[in-house]
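Written below as structure tokens is the structure these notes are about.
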Number of protein chains: 2
Amino acid sequence: MPTAASSPAPRRGRGRPSRPVLTADGITTEAVALLEERGQDGLTMAALARRLGVAPSALYNHVATKQDVLRAVQDDVNRGIDCSGFGRLPWDAALADWARSYRDAYERHPALVPVMAVTPVRSAPHTVEMYERVSSGLLAAGWPAHLVTNVVVAVESFVLGSALDTEAPADIFDPGDLAASAPGVTTANAARPEGDTARAAFELGLSALLTGLRGLLAAPG
Amino acid sequence: MPTAASSPAPRRGRGRPSRPVLTADGITTEAVALLEERGQDGLTMAALARRLGVAPSALYNHVATKQDVLRAVQDDVNRGIDCSGFGRLPWDAALADWARSYRDAYERHPALVPVMAVTPVRSAPHTVEMYERVSSGLLAAGWPAHLVTNVVVAVESFVLGSALDTEAPADIFDPGDLAASAPGVTTANAARPEGDTARAAFELGLSALLTGLRGLLAAPG
DNA sequence: ACCTGAACACCGTTCAAGT
DNA sequence: ACCTGAACACCGTTCAAGT
């Protein structure tokens with residue numbers, strides 16, 4: 001029975017257990033599960049502790065803050081992002097696959113988007129590994145070193161913004177009472193094909209971004 | 001003395017005031033100021049009420065939730081975004097100016113990024129006006145109606161992701177102890193020019209995105 | 001209708017006491 | 001070292017009571 005067992009019986013003893021009942025990895029695993037099941041607001045230190053069969057204060061023997069938990073969760077999410085195209089496919093196809101996988105991962109965890117944008121990569125091993133595959137792939141494909149990080153950040157910014165956009169309600173652009181003063185919005189809305197509109201906008205932007213990047217690599221300066 | 005006066009003397013009377021002391025606009029104005037002065041965590045209903053010289057519960061006669069306050073603040077921020085290029089400049093130059101102004105506005109208010117991505121535009125008049133200028137500008141420039149909203153959303157996703165990126169610490173990509181396993185990241189970091197790196201990545205991405213969009217408009221399908 | 005003040009059901013976090 | 005349970009300083013929000 002791994003630490004991931006749900007709803008373990010609460011400990012009744014008063015003092016230090018003979019063997020530790022918590023580990024950093026176990027906390028992270030349960031935090032990911034909790035985030036997946038109950039969403040952003042469901043991930044509280046109290047709920048996490050209950051899942052682990054422990055008092056909330058016990059968590060603080062293993063993590064300093066809730067932000068620590070979020071950082072660990074985020075590194076775990078990044079572990080699942082597919083970077084396998086680099087070195088196997090042309091750089092632009094690899095970058096496109098990475099961007100799609102990256103967006104899919106954060107579509108499932110939009111609450112982590114602001115965390116990802118701001119958290120240093122050190123002590124986040126899977127995150128470092130992801131960036132290493134992308135950066136070394138771009139370098140090997142002939143991208144000038146001084147542009148590589150900017151390319152990565154530009155694509156990442158688009159991906160994270162697009163991940164937030166997947167949360168938008170379908171009628172976000174419906175001007176309601178203000179329709180009379182917004183004929184252009186109304187026309188554009190009416191002509192927009194139905195279906196997965198967030199994905200359509202993402203694919204359009206990704207395609208445009210890659211076209212521009214190919215041009216930049218071909219004619220630098 | 002407008003409602004924006006700071007630290008008014010608290011009312012001491014017990015019942016309904018002879019004239020209302022709060023208005024929706026006054027609440028929004030003070031909320032913007034509070035967000036600007038104290039940042040995301042500083043904008044609490046208690047702090048907002050104190051600034052307005054009122055008990056926290058009084059706010060609930062004018063707004064239903066704190067989310068309401070955030071939505072109003074956000075519409076106010078959108079009022080300041082420059083859309084003046086549309087109809088005056090070529091569509092791509094107008095779109096670039098809009099994107100820069102949009103990013104600048106949310107760089108000052110990164111906490112509003114997740115709100116913006118998700119909030120319906122109805123009952124947000126300045127936001128509708130912004131989208132109207134952009135949409136009608138693209139339509140007038142010859143963009144097919146069925147692509148206009150996707151273009152807007154794609155650029156917006158890039159802008160909002162880039163706004164979050166401005167919050168990142170300068171050493172976010174420093175692999176620390178993991179440097180030995182990340183030679184590509186280390187090389188790219190070392191070669192990246194110093195200065196406003198977030199802006200450099202934004203300008204690179206914006207340029208690439210616009211190049212791709214120009215190509216798409218020229219050769220649709 | 002629109003305010004006050006008390007109350008409710010939470011938060012994340014700290015800390016003394018236990019083993 | 002690593003747990004419990006009580007406590008602290010907050011949150012956003014509700015609601016009866018006042019005018």
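Quick note on labels: first sequence line is chain A, next is B, and so on, each numbered from 1.
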message = Can you tell me how the ring of B:Trp98 sits relative to the ring of B:Phe86, calling it parallel under 30°, perpendicular over 60° and tilted otherwise?
response = perpendicular

Please give, in whole Å, the distance from [N] [atom2] to [X] [atom1]?
X	N	atom1	atom2	result
B:Arg38	D:dC10	CZ	P	14 Å
A:Met45	C:dC10	CE	P	18 Å
A:Tyr60	C:dG12	OH	C1'	4 Å
A:Leu52	D:dT4	CG	P	11 Å
A:Asn61	C:dG18	CG	P	17 Å
A:Leu43	C:dC10	CG	P	17 Å
B:Leu48	D:dT13	CG	C1'	14 Å
B:Asp41	D:dC11	CG	P	10 Å

query = Which listed nucleotide (C:dC3, D:dT13, D:dC3) is nearest to the side chain of A:Pro20?
reply = D:dC3

ask   = Considering only side-chain heavy atoms of A:Arg16, which listed nucleotide, C:dT19, C:dG5, C:dC2, is closest?
value = C:dT19

ask   = Ion pair present between A:Arg133 and A:Asp82, side-chain N to carboxylate O less than 4.0 angstrom?
value = no

message = Both A:Ala46 and B:Ser57 contact DNA chain C. Taking the nearest nucleotide for each, which residue is further toward the 5' end?
response = B:Ser57

key: A:Ala58 vs A:Ala47, nearer the 5' end of DNA chain C by closest nucleotide   = A:Ala47

ask   = Taking OP1 and OP2 of D:dA1, is either one under 4.0 Å from a side-chain nitrogen or oxygen of A:His62?
value = no

Donor-acceptor pair, side chain of [X] and main chain of [Y], under 3.5 angstrom:
X	Y	result
B:Thr28	B:Ala24	yes
B:Thr29	B:Asp25	yes
A:Thr119	A:Val115	yes
B:Ser157	B:Val153	yes

Short heteroatom pairs, N/O only, protein and nucleotides 7-9 of chain D, under 3.5 Å:
none

key: Sugar-phosphate, base or nothing in reach of B:Thr44, heavy atoms under 4.0 Å   = sugar-phosphate

key: Distance-only side-chain donor-acceptor flag, A:Glu36 / A:His109, under 3.5 Å   = yes

key: Secondary-structure string, 5' to 3', Watson-Crick or G-U under 3.5 Å, | for another-strand partners, for DNA chain D   = ||.|||||...|||||.||

request  = Would you sort out whether A:Arg79 and A:Glu129 count as a salt bridge (charged side-chain N to carboxylate O under 4.0 Å, His left out), showing the intermediate values?
outcome  = CA-CA 8 Å; A:Arg79 192 167 48 85; A:Glu129 189 184 345; over 6 Å; no

note = When rounded to the nearest 0.5 Å, the distance separating OG of B:Ser135 from CH2 of B:Trp143 is 12.5 Å

